[in-house]
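Below, chains carry the letters A, B, ... as their sequence lines are ordered, and counting in each starts from 1.
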There are 2 protein chains.
Amino acid sequence: MEIDEILDRFYPLPTHSKKALKAHISEVRRPKGDILMRVGRVEKNLYFIKSGIVRAYSDSHSGDVSFWFGKEGDIVISMKGYVSGQEGYEHIETLEACDLYQMRTQNLEALFETDIHVANWGRKLIGYEMIKTEERLIAMQFKTAQQRYLDLIATTPDLLQRVQLCHIASYLGITQVSLSRIRAEIR
Amino acid sequence: MEIDEILDRFYPLPTHSKKALKAHISEVRRPKGDILMRVGRVEKNLYFIKSGIVRAYSDSHSGDVSFWFGKEGDIVISMKGYVSGQEGYEHIETLEACDLYQMRTQNLEALFETDIHVANWGRKLIGYEMIKTEERLIAMQFKTAQQRYLDLIATTPDLLQRVQLCHIASYLGITQVSLSRIRAEIR
DNA sequence: TATAAAATTTTACAAATGATAAAAAGCGAT
DNA sequence: ATCGCTTTTTATCATTTGTAAAATTTTATA
């Protein structure tokens, strides 16, 4: 997905604002398994995914827990750093070789302060992430694991093809063994 | 909590921007049990809580599920309407008599388009809600119900005094019976 | 205070999920 | 194709959580 299309996804940016953003964006390629962001760091960069897929995860006593997947067209940010300049609570790693558009957080923040369209673009972007997250939280609170799995294959079936089941399982809030049981039941 | 303090919570607004916001804000009192927002509506108003406590909830097959509590200083919005002008998926009701600052969504949106400070204020505001929601989602995925309950009494002990346990239970993603069991264990 | 209503806890049993270990299947490199 | 490694499934048992109903406590109000 090209950068113009990605930037236009949620808010119609005027040409000059899009140009201002693009002036700070470069293209990079990262191999599979590359760590884009680490827990405890204030990340200096953010990314837009041209191609490939990534996951965000946090550490737990029993391995890591994936809580977000990003693919073509998605923005990759360390949420706490992006919002408040604080250390992130997540790792983000590539699950495939990825083509990314890279931008310095600092440059985006400067544009927020000077370009009202970019500020509103950033507001919308975080808003859409917020809705997705809130809907997932609600699903976690009152849907069964099986329902959440069925929802997942209904909304993003490609995830099942591209992401290991251990990551899908932790994303759904269950163990991989439980996920296997669910898959066996509905087969 | 006074409106000036609330508006300043997450982003330092210049005087003229704060004035512009306050020009559209009026004070209202709502009784306990009042419904501020309904599922399926595009809400015309948003609120800032001067005093009192409210909850957001969605319908489920087995009663309703609380997924957010708001109290003094918090903003009350229907997330989907605020972000994308679409129908909300939540009800919001007062759990105590509330003093609220009321504003028309439409007026806030107009300010977003004309005042860059308001746009950035709105961006921050949604960002802080996003972090809280993401952290809760992660907790739902890999913490036990007992840990989530202990976290709750550690971070917002007043909630236990002000909110019925059936709402706390659904907020934690468990039944009231489970919550009772947990409370008995740690007693 | 007495009474009714609402909220919370307890109990018993059923269903779902977790932990662990082992088997089976899939995949890449040679 | 085969070997070695990773991923997924299966099986077992323990634990957690859910459901339903009853008992108890708290709250509201006459």
Where the side chain of A:Arg181 is concerned, which of C:dT8, D:dT9, C:dG18 is the nearest nucleotide?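 The listed nucleotide nearest to A:Arg181's side chain is C:dG18.
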
What is the distance, rounded to the nearest whole Å, between atom [atom1] of [X] and atom [atom2] of [N]?
X: A:Gln146; N: C:dA16; atom1: CD; atom2: P; value: 9 Å
X: B:Arg183; N: D:dT26; atom1: CZ; atom2: C1'; value: 13 Å
X: B:Glu185; N: D:dT17; atom1: CD; atom2: C1'; value: 11 Å
X: B:Tyr149; N: C:dT8; atom1: OH; atom2: C1'; value: 12 Å
X: A:Leu179; N: C:dA16; atom1: CG; atom2: C1'; value: 14 Å
X: A:Lys32; N: D:dT6; atom1: NZ; atom2: P; value: 13 Å
X: A:Ile182; N: D:dT9; atom1: CD1; atom2: C1'; value: 14 Å
X: B:Arg187; N: C:dT8; atom1: CZ; atom2: P; value: 13 Å

Angle class for the [X]/[Y] ring planes (parallel below 30°, perpendicular above 60°, tilted otherwise)?
X: A:Phe10; Y: A:Tyr128; answer: parallel
X: B:His16; Y: B:His117; answer: perpendicular
X: A:Tyr89; Y: A:Phe67; answer: tilted

Using a 4.0 Å cut-off on protein heavy atoms (strictly under), produce a 5'-to-3' string for nucleotides 21-30 of chain C with B for base contact, S for backbone-only sugar-phosphate contact, and - for none. ----------

Please tell me if B:Ser178 has a side-chain N or O lying less than 4.0 Å from either OP1 or OP2 of D:dT17.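 For D:dT17, neither OP1 nor OP2 has a side-chain N or O of B:Ser178 closer than 4.0 Å.
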
May I ask you to evaluate whether A:Thr175 reaches the phosphate of C:dG18, defined as a side-chain N or O under 4.0 Å from OP1 or OP2?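 A:Thr175 to C:dG18 OP1/OP2: side-chain N or O found under 4.0 Å.
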
Basic-acidic side-chain contact under 4.0 Å: A:Lys80, B:Glu135: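 Salt bridge: yes.
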
Looking at A:Arg9 and A:Asp74, is any side-chain nitrogen of the basic one under 4.0 Å from a carboxylate oxygen of the acidic one?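 Counted as a salt bridge, because a side-chain N and a carboxylate O are separated by less than 4.0 Å.
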
Aromatic A:Tyr171 / basic A:Arg136 pairing, under 6.0 angstrom, 45° off normal: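 Yes - A:Arg136 lies over the ring of A:Tyr171, closer than 6.0 Å to its centre and within 45° of its axis.
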
Is B:Lys132 atom NZ crowded by more than 12 heavy atoms from other residues, nucleotides or ligands, each under 6.0 Å away?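 Yes, the 6.0 Å shell around NZ holds more than 12 heavy atoms from other groups.
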
What residue among B:Lys32, B:Arg162, B:Lys71 forms side chain to side chain donor-acceptor pair (under 3.5 Å) with B:Glu96?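 Output: one option passes, namely B:Arg162.
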
Is it the case that A:Arg55 and A:Gln164 place a side-chain donor and acceptor less than 3.5 Å from each other?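 Not at all, the side chains of A:Arg55 and A:Gln164 share no donor-acceptor pair under 3.5 Å.
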
Sorted by number, the residues of residues 154-174 of chain A with heavy-atom contact under 4.0 Å to DNA chain C: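 Result for residues 154-174 of chain A: A:Gly173, A:Ile174, sorted by number.
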
A:Ser180 or B:Gln176, whichever maps to the more 5' nucleotide of DNA chain D: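 Checking each residue's closest nucleotide, the 5'-ward one belongs to A:Ser180.
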
